[in-house]
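The model shown is predicted, which means the values in this text are computed figures rather than measured ones.
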Amino acid sequence: MNVIFRRFGRAVMKRNQLPFFRIIRQTFAMLFPFALIGSFAQMIRYAFLSPEGLFYNIAYFDQWVPEWLMQGLQGIFTGISRVTFSLFGILVAYAAAKYTARIYHRDSQIAGATGIIVILLIAFRYNITSGGSAMDFNWRILGAQSLLISLLVGYGVGQIFHWLGAERNFQRTNHVIGVRERSLLAMRPLLASICTGILIALLLNVAWLGKIIHQSYNQMISVGQSDHNLLLTILGVTLITFFDWIGLGSVSYTAMALSGGAYAENLSYALKHGSAWNVPYPFFGGSLYNSFANFGGNGLILALVVAIIIASKKEGQHQMARWTLLPTLFNAGYGALIGLPVIMNPLYLLPILILPGVNLLIAAGAIAVHLIPPTPYPALMGTPGPLISFVASNGNWWSLIFTLALFAFDVWCFIPFVKVIDRYDEQLNDNDEEVD
């Protein structure tokens, strides 16, 4: 097994030497603080300030916190999370263009600014003919849910500066003449980037592209909620997790919405009989996923964070895991996706794709043999992932013990991959360009 992991690690190291993947690591390292702030704001908004939130109900905030204060706090933290994640793609395009140009010793600052302009041009809605002064954008293209697109745009702009830009020595100058010369040298790649961005927007019709991505993601969620076919549920969850891994997933609250006729029948039966046993649809996909395959977000991110804290010997990895532990515990795991990083990291692809399906199979088997009851009851937003089954089974202790054992199994499965990351961490960092 160790031989297999070593060979796998060497293969990934070869892949990580490619400029595009070096750019991904540098971009995510730069933008991690923004993703972390957005995750904390999202956690506070859902768990503490939402009427459906865990701590909102535990502390009875509605009874003693003034309404004007609660509305103000809701607005503040909603604003922080939405602004951070709705504009995250712009930051990604800037950083990716900057670090790509820097690899080839081109003007990184102007390349980064050009990346912002190009992603805005691609997201601009050209079919708006109103005479108003307001600009309209396809905000999905600019947000965190289109991270892959932003990375490709930034990398493409950086490559245009590589091909058409002039080499420079990065000496700092405040002289106006020097700045002017620097700007003029960037005109050719700047114009080429702008024209390319407009052409891509017109050819691909990004409004249509964004709609297709959004509908596809929602359709996978619908498949994951299937109440009649466990394999379809696993397929839907796997596809959702893969979309998250490539940077085309959602950054909203990760639990599946519990709705539909099957869910209503399960809940009605449980309320009528005072028990979760023998509900009509014991393998309802949404309930299974929320209770047993969503610890910290799609891909069991909380289990990965805990595995890093337990097994990693690298201080950098430990710092990232400690910073992201709290929001990930309450299912706001986007900071961990960026900081560890998980997105487009092949070392984590296998466990984050496979383990949720394995959890669903194990949980379905335990329900089938009546080891634990189904979980038809809703859980408050912000409930830690390993506790959702306990709440959703109306306080069944066997469900809690089973879920904690399942979570420990997930952590154990992640540990070998964490050790592979440790083994190659220094080599990866040594091969990266200096980041400023």
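Atom CG in Leu49 sits 7.5 Å away from atom CZ in Phe61 (nearest 0.5 Å). Interatomic distance, Met320 CE to Leu36 CG, rounded to the nearest 0.5 Å: 9.0 Å. Taken from CG in Leu120 to CD1 in Ile90, the straight-line distance is 4.5 Å, to the nearest 0.5 Å. For the atom pair CD (Gln74) and CZ (Arg45), the distance works out to 5.0 Å, reported to the nearest 0.5 Å. Rounding to the nearest 0.5 angstrom, the gap separating the OH atom in Tyr348 from the CG atom in Leu304 is 5.0 Å. The CG atom of Leu248 lies 9.0 Å from the CZ atom of Phe242; values are rounded to the nearest 0.5 Å.
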Evaluate the criterion side-chain contact (heavy atoms from CB on, under 4.5 Å) for residue pair Val358 and Phe409; output intermediate values, then yes/no.
CA-CA 11 Å; Val358 171; Phe409 167 76; 4.1 Å; yes
Evaluate the criterion side-chain contact (heavy atoms from CB on, under 4.5 Å) for residue pair Tyr46 and Glu52; output intermediate values, then yes/no.
CA-CA 8 Å; Tyr46 285 126; Glu52 295 82 27; over 6 Å; no
Residue pair Asp244, Val342: steps toward the side-chain contact (heavy atoms from CB on, under 4.5 Å) verdict
CA-CA 9 Å; Asp244 286 346; Val342 174; over 6 Å; no
Test side chain to side chain donor-acceptor pair (under 3.5 Å) on Thr375 and Ser291 and set out the steps.
CA-CA 7 Å; Thr375 54; Ser291 300; 2.9 Å; yes
One pair to check against side-chain contact (heavy atoms from CB on, under 4.5 Å): Lys314 and Ile421. What are the steps and the verdict?
CA-CA 9 Å; Lys314 299 298 181 182; Ile421 287 282; over 6 Å; no
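A donor-acceptor contact closer than 3.5 angstrom links the side chains of Asn359 and Asp410. Remark: the Gln159 side chain and the Tyr155 side chain contain an N/O donor-acceptor pair separated by less than 3.5 Å. Between the side chains of Thr241 and Asn298, no donor N or O sits under 3.5 Å from an acceptor N or O.
A donor-acceptor pair under 3.5 Å is absent between the side-chain atoms of Trp398 and the main chain of Leu371, judged by distance alone. Looking at Asn294, its side chain never comes within 3.5 Å of a backbone N or O of Tyr289 through a donor-acceptor pair. Thr324 places a side-chain N or O within 3.5 Å of a backbone atom of Ala321 that can act as its donor or acceptor partner. In this structure, Thr78 contributes its side chain and Gly75 its backbone to no donor-acceptor pair below 3.5 Å. In this structure, the side chain of Ser146 does not engage the main chain of Leu142 through any donor-acceptor pair within 3.5 Å. No donor-acceptor pair closer than 3.5 Å links the side chain of Ser108 to the backbone N or O of Arg102. A donor-acceptor distance shorter than 3.5 angstrom exists from the side chain of Thr383 to the backbone of Leu380, with no hydrogens or angles considered.
The shortest side-chain heavy-atom distance between Phe284 and Pro376 does not fall under the 4.5 Å cut-off. Using a 4.5 Å heavy-atom threshold, the side chains of Trp323 and Pro33 count as separate. Looking at Ile343 and Trp245, their side chains never come closer than 4.5 Å, going by heavy atoms from C-beta outward. Looking at heavy atoms from C-beta onward, Pro356 lies in side-chain contact with Leu300 at the 4.5 angstrom threshold. With contacts defined as side-chain heavy-atom distances shorter than 4.5 Å, the pair Phe292/Ile388 does not qualify. You'll find the side chain of Cys195 stays beyond 4.5 Å of the side chain of Ile198, heavy atoms only. Between Phe21 and Ile24 the shortest side-chain heavy-atom distance falls below 4.5 Å. Side-chain contact between Phe407 and Leu302: present, with at least one pair of heavy atoms (C-beta onward) separated by less than 4.5 Å.
For the pair Leu347 and Pro351, the tightest heavy-atom approach, listed with the atom from each and the gap, is O-CD, 4.2 Å. Heavy atoms only, all atoms of each residue included: Ala111 and Val157 are closest at O-CG1, 3.7 Å. Here the closest heavy-atom approach between residue Ser150 and residue Ile119 is recorded as OG-CD1, 4.1 Å. Of all the heavy atoms in Asp422 and Ser312, the pair that sits closest is OD1-OG, 2.9 Å. What you find for Leu400 and Phe390 is that their closest heavy atoms are CB-CD1, 3.7 Å. Annotation for Ala336 and Ile301: closest pair CB-CG2, 3.6 Å, computed over non-hydrogen atoms.
Residue Phe34 qualifies as open at atom CZ: its count of foreign heavy atoms under 6.0 Å is 12 or below. Counting non-hydrogen atoms of other residues, nucleotides and ligands closer than 6.0 Å to CZ of Phe20 gives a total above 12.
Under the salt bridge (charged side-chain N to carboxylate O under 4.0 Å, His left out) criterion, Arg322 pairs with Glu315, sequence neighbours left out.
Aromatic ring pairs are classed by plane angle as parallel below 30°, tilted from 30° to 60° and perpendicular above 60°; the pair Phe55 and Phe48 is parallel. Relative orientation of the Tyr104 and His162 rings is parallel, given thresholds of 30° and 60° on the angle between their planes.
With ring centers used as reference points, Phe85 lies under 6.0 Å from Tyr334.
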